[in-house]
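Only one structure is covered here, and it is reproduced in the block below.
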Amino acid sequence: MTEIEKKPRRIGSILLGFFLLNISFAQADELRIAVASNFLLPLKELTREFRNSTGEKVVLISGSTGKLYAQIKHGAPFDILLAADSVRPKLLEKEGLGIAGTRFTYALGRLVLWSVNSKFPFRNDLQVLGQKNFRYLAIANPKTAPYGKAAEQVLRKKGLWKKVQNRLVRGENISQTFQFVMTGNADMGFIAFSQFGRDQKQRTGYSWTIPEEWHDPIRQQALLLKRAKTNKSALDFLNFLQSKRIKKLIESYGYSLEN
Amino acid sequence: MISGAVDLGPVWLTLQLAGITVLILLTLGTPLAWWLVHTRSKFRVGIEAVVALPLVLPPTVLGFYLLILLGPNGWVGGSVEALTGSPLSFSFAGLVFASTLYSLPFVVQPLQSNFESLGNAPIETAASLGASRWDAFYSVILPLSRRGYLTATVLGFAHTLGEFGVVLMVGGNIPGKTKVISIEIYDRVEVMEYSQAHILSGGLLLFSFLVLLMVYSLNKKLPVNFS
């Protein structure tokens, strides 16, 4: 074999070495939290505080609750799930993929109808959706995103579901739904209140918080996952999440708390 | 839709999208590829690089810019809205626009290398026999470029079939308008409806294989490039 042929192989094995090394490092000691998109913003602030007080490294993986559930079912290496509903955490607990007895509600979500387009002023009702002058209404995919499901319930309850069918655009998760509205691509959209940020910094245009009784409660539950059964920092984090100070912080993003 | 049944809507929509995109790309790509081969302009290298960009850019970059560009506040979407009353995002026309950009190099590059391999001889010969430029192109260049056109058509078509990231970002997942096969498969996998995902994925796999098989066997039968 010539020198030229040998070289790529040597480079290949060096790269492979780095790759394997990297895997073992990555698995060593970082806390991986799978989080429903609506809670990503508050969680970022929260984990900063957690890191400051404990020195633990936290990695966040966000997506729709349904997608995260599917990933966990297929062995995704996550330690904690912060879902946007109680359905999937319950299922995971039942299926043995979550640790029984660790499930609790960390926030109650609120659904908001939002528009940045001044052409669609709306007050405390959904009348604007019965009109024909808007083009697109964005919701999160009801099949995977609990906020999308809540939006569907609201529209059905008010007899608007059929009417808006050909105007619906579905975001893959609530973050994408927010993008659709923020960029003006969708005239209006159902988003999570928390996406306006702490103390509603991003709140522009028109918005209206949907009455809670118009949809099933968006009971957002946390669950410790199987692989983190004995992971101390994961347990610490779940305790941290239930502390008074952190609960206050969660509230400042517009969530309600369970009594 | 009843679960268990396979919705053929996305399949039909995807085929339409790929077909229209390829037609547009062949129309635009022919003069562009020809120009790239024969020009002495100092912009040639720059244009060549731009054409190749979709090969290296992540679809998310394209998707992000298109989301801004095609919306009612973007200059493309805004102008289209002023003309037609609706912007391009979340529409089939928007996907055609996106796919045309996304698949551009897959059509232009095969044509370009085809024209390059022909050289100047055929067109000069035709000219010396009194053929006009157009005539020379239609009766000499095109027949000699069948291989290039076949490759360009198939690659452009297949690449548009496989488009995912861009559509996910600017499509809005609307059945009948922007919900193409790849998005439908993604949706099914996300909610763990694997039987439907299997049918669509398997179908796409088989279709792609058969198309490529056809191209390679046809390619053998077509005349070798002029030299």
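Source: prediction; values computed, not measured. Letters A, B, ... mirror the listed sequences (proteins, then strands); counts begin at 1.
Contact of B:Lys179 with chain A is not made at all, since no heavy-atom distance falls under 4.5 Å. Both the backbone and the side chain of B:Ser86 come within less than 4.5 Å of a heavy atom in chain A. Within the 4.5 angstrom heavy-atom criterion, no atom of A:Thr177 approaches chain B. Contact annotation for A:Asn117: neither backbone nor side-chain heavy atoms come within less than 4.5 Å of a heavy atom of chain B. With a 4.5 angstrom heavy-atom cutoff, A:Ala138 does not touch chain B via any of its atoms. Heavy atoms closer than 4.5 Å to chain B are found in the side chain of A:Arg135, but not in its backbone.
Residues B:Ile174 and A:Val169 approach most closely at CD1-CG1, 3.4 Å, considering heavy atoms. Contact record, A:Gly184 with B:Pro72: O-CG, 2.9 Å, taken as the closest heavy-atom pair.
Atoms CD1 and CZ, from B:Ile183 and A:Arg170 in turn, are 12.5 Å apart once rounded to the nearest 0.5 Å.
In this structure, B:Tyr149 places its OH atom where more than 12 heavy-atom neighbours from other residues, nucleotides or ligands lie under 6.0 Å away. Heavy-atom neighbours of A:Gln165 CD from other residues, nucleotides or ligands within 6.0 Å: above the threshold of 12. Applying the 6.0 Å contact sphere to OH of B:Tyr186 captures more than 12 heavy atoms from other residues, nucleotides or ligands.
A donor-acceptor pair under 3.5 Å links the side-chain atoms of A:Asn185 to the main chain of B:Leu67, judged by distance alone. Of the possible donor and acceptor atoms, one in the side chain of A:Gln176 sits under 3.5 Å from a partner among the backbone N and O of B:Leu168.
Ring orientation note: the planes of B:Phe90 and A:Phe180 are nearly perpendicular, at an angle over 60° on the 30°/60° scale.
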Applying side-chain contact (heavy atoms from CB on, under 4.5 Å), run through B:Met169 and A:Gln179 and close with a yes or a no.
-> CA-CA 10 Å; B:Met169 288 180 79; A:Gln179 295 300 327; over 6 Å; no

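Interface summary for chain A: among B:Gly171, B:Gly71, B:Gly74, the most heavy-atom pairs under 4.5 angstrom belong to B:Gly71.
Residues of residues 142-163 of chain A lying under 4.5 angstrom from chain B, judged on non-hydrogen atoms, are A:Lys143, A:Thr144 by number.
Residues passing the side-chain hydrogen bond (donor to acceptor under 3.5 Å, both in side chains) test with A:Tyr136: none are found, sequence neighbours excluded.
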